[in-house]
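Heads up: the structure comes next, in structure tokens.
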Amino acid sequence: MGNSGSSARHDAMLAVIRWRPEHRADEFLETPMDQLFGCNVFNEDKMQQRLPKPVFERLLSTIHDGQTLDADIADSVAIAMKEWAVERGATHYTHWFQPLTGLTAEKHDSFFYPTDRGRAITQFSGASLIQGEPDASSFPSGGIRATFEARGYTAWDATSPAFIYENPNGTVLCIPTAFASWTGEALDKKTPLLRSMDALSSQAVRLLRLFGDTDCTRVNATVGAEQEYFLIDSHFYFARPDLVACGRTLIGSQPPKGQELEDHYFGAIPERVLACMLEVERELYKLGVPVRTRHNEVAPAQYEIAPYFENANLATDHSMLIMSTLQRVAQKYGMHCLLHEKPFAGVNGSGKHTNWSLATSTGHNLLEPGDTPHENMKFLLFLCAALAAVDRHADMLRASIASPGNDHRLGANEAPPAIISIFLGDQLTQALDTIVSGKAGSSAKASLQLGVNTLPPIPRHFGDRNRTSPIAFTGNKFEFRAVGSSASIAWPVTVLNTAIAESLSDIADQIEKTLGKAKVTEARLRTAVKKAIQALYKQHGRIVFNGDNYTANWLKEAEKRGLPNLCNSIDAMNAMLETHNSDMFKSQGVLTKRELDSRHHTRMERYITTLTIEAQMTANLARTVVLPAALRYQTEVAEALAIAQSAGHSTNETDSLLAEIIEMIADLRLATRHLSSQVAQRPNGLEQLGCHVRDQLIPAMKAVRSACDHLERSIADDLWALPTYREMLFVK
Ligand code: ADP
Ligand code: MG
């Protein structure tokens, strides 16, 4: 007979059993890594080869030192870029941008221009490189742009190199761009990110000058984002309307074997999966994305890919490319890549640990404890600046990672709770405690002398790690672990950058005041810095928590400390309306109040829309997939009952089975009716709608799911039309 569920199962199993590599990656195997890496990127090397020297040098000053882009060089760059792209088969170019949808957007234009006598030439001008005008009226703007003034402009971001996107039938030149309204207001994720990087750099450089550093011209936020994802066979994917429409399973009963045996984590990678990963990596190398690490993750069918860190802007663009490449290449291997934070209930979800630090243009990591007392003072000061920033804007950081998907993950004993705190490790915490108490340092192992009587030694090696903390200090960087797997890292990194820029600015003000006009000696500087560290840690030390963030005790303790616990997206997103947050964005020149409000609006709308789609899909599955299967099963059982009765057998057993099924069906219908009535109610106003979704829609969806899952566990397997967890997670 066969239904879509069992045929998907059959096809998926054949796909796994018969899988052989269709195309050997010859090019990959034959091309040495150093030639492959960046071959599709118009990187500095190629610019140097192809651009006149003065043009190249002016461009470099923009890329490295954040100097204003010189529009006069655009024509020259455009010609070189186009020639290079055409040599690599490009027929089209696109401004590649990151609207508030959270995805990337592109609109392709041909290089070809018709000429007289029916011919055409390729042409690409500086003007087309610098600015584009996509018909952008359908991108979210959160009220910034009315449709009658729907113009949006894309503007070349010279700090992220252009690259070539390959397709079997041709290639496209992609130019990373920012996207703004005709009034200059940001409509994307890149513009505020770049602004926040500038703010951070100028405040960090200002502080470094106080330490007598006259060489450093720029401080960049560095970021390495570890991407978690699931891979499942495409047959299963297409047989699950919820995966196709929502990226996660809205119903589905737990398999007898889940992740309890912990036999997947760091286990051997199945051959088809590894083949896919190798091709993903090959494609990413070509795009200059420095991916380094791959391994199995905790849940069955879950994996991770991690790049080497880069400056925050490049890391963001590359993180978007990692996600799209995973999705694209997986399909070539008959698999689908799921980037959702929680595709399967009951097994671990996926995050994107966003490692963050500060690098000077002179090659130093400012969060690396140094070899001299002078360096260590600097280290402690930047560390405390981060503590203060996270404490002041914990609510905004929480808001920056809020999404419907992440709501399933945060606080679920697999990801940090919704309370933002920082793990520092015992040794570093002790060191700071001692500075504040003013007592002499304890004898920490493998420590570094600060050379100041009252400053304790700083531990050099951080043995302890904490996997339950939302933001963990891991030796020379912070790891923002609460970021969701499907998210663009642009927004969380923008918030972190801005908060720390504000904090550095306050600290610089403070130290400048303490030092006054008199000559700055090393001793006076030390005293001023120590005073600043003491004040910062006293005020903001409450953000440090080294214990287990998953325990109920921490919830109580955090409340006592006054740390916000924003359990769901709606509560979290309200932080964007708070004055201390809008003031921060404004003072650092990152977002105006109007721009921030528009982001709040857009995010609320997306949250409500996403959940409304999920709710409708849940009701739809319940009615059109689960209910028919249940009714068929009911008929079969009733028929069996009639046969038994006509043969004169005692039928108590079958009788009660029938009664159970009838009851389960009644539960399902009741829950579904309730869900549909909740979907139909649309209270006025964004805030009210958000609360309705959170308080009514989500519980109603859960009730339907529970009725469906109950039936899935009870009815005949061959009548169940959807691929099950035990298949999707384990057939690989
Ligand atoms: P783990 O799984 O233990 O967290 P990984 O090796 O998977 O470690 O990931 C560590 C990530 O941190 C990598 O992406 C790496 O590039 C990044 N990273 C290391 N140093 C820095 C730094 N200074 N700034 C930003 N990211 C960094
Ligand atoms: Mg990690």
Next on the checklist: Under a 3.5 Å threshold, yes or no: a donor from one side chain and an acceptor from the other, between Gln302 and Ser350?
Outcome noted: yes
Checklist outcome for this item: salt bridge (charged side-chain N to carboxylate O under 4.0 Å, His left out) pairs touching residues 310-323, sequence neighbours excluded, are Lys190-Asp317
Next on the checklist: As an exercise, state the distance from CZ of Phe211 to CG of Leu381, rounded to the nearest 0.5 Å.
Outcome noted: 5.0 Å
Next on the checklist: One thing to verify: whether Arg195 and Glu595 come together as a salt bridge, which I'm taking to mean a side-chain N less than 4.0 angstrom from a carboxylate O.
Outcome noted: yes
Item to check | Residues which pass ring pair (Phe, Tyr, Trp, His ring centres under 6.0 Å) with Phe230, listed by chain and number, not counting sequence neighbours | outcome: Phe344
Next on the checklist: Using 30° and 60° as the class boundaries, would you call the ring planes of His580 and His393 parallel, tilted or perpendicular?
Outcome noted: parallel
Checklist entry - Parallel, tilted or perpendicular for Tyr229 and Tyr303, by the 30°/60° rule? => result tilted
Item to check | Partner residues of Tyr537 under the ring pair (Phe, Tyr, Trp, His ring centres under 6.0 Å) criterion, sequence neighbours left out | outcome: none
Checklist entry - Considering residues at least two apart in sequence or located in another chain, which fulfil the ring pair (Phe, Tyr, Trp, His ring centres under 6.0 Å) criterion with Trp356? => result none
Checklist entry - In terms of ring plane angle, is the pair His340 and His408 parallel, tilted or perpendicular, where the classes change at 30° and 60°? => result tilted
Checklist entry - Got a sec, which pairs hit salt bridge (charged side-chain N to carboxylate O under 4.0 Å, His left out) with one end in residues 557-574, sequence neighbours left out? => result Glu557-Arg561, Asp571-Arg694
Checklist outcome for this item: So salt bridge (charged side-chain N to carboxylate O under 4.0 Å, His left out) across residues 199-211, not counting sequence neighbours, yields Arg206-Asp509, Arg206-Glu512
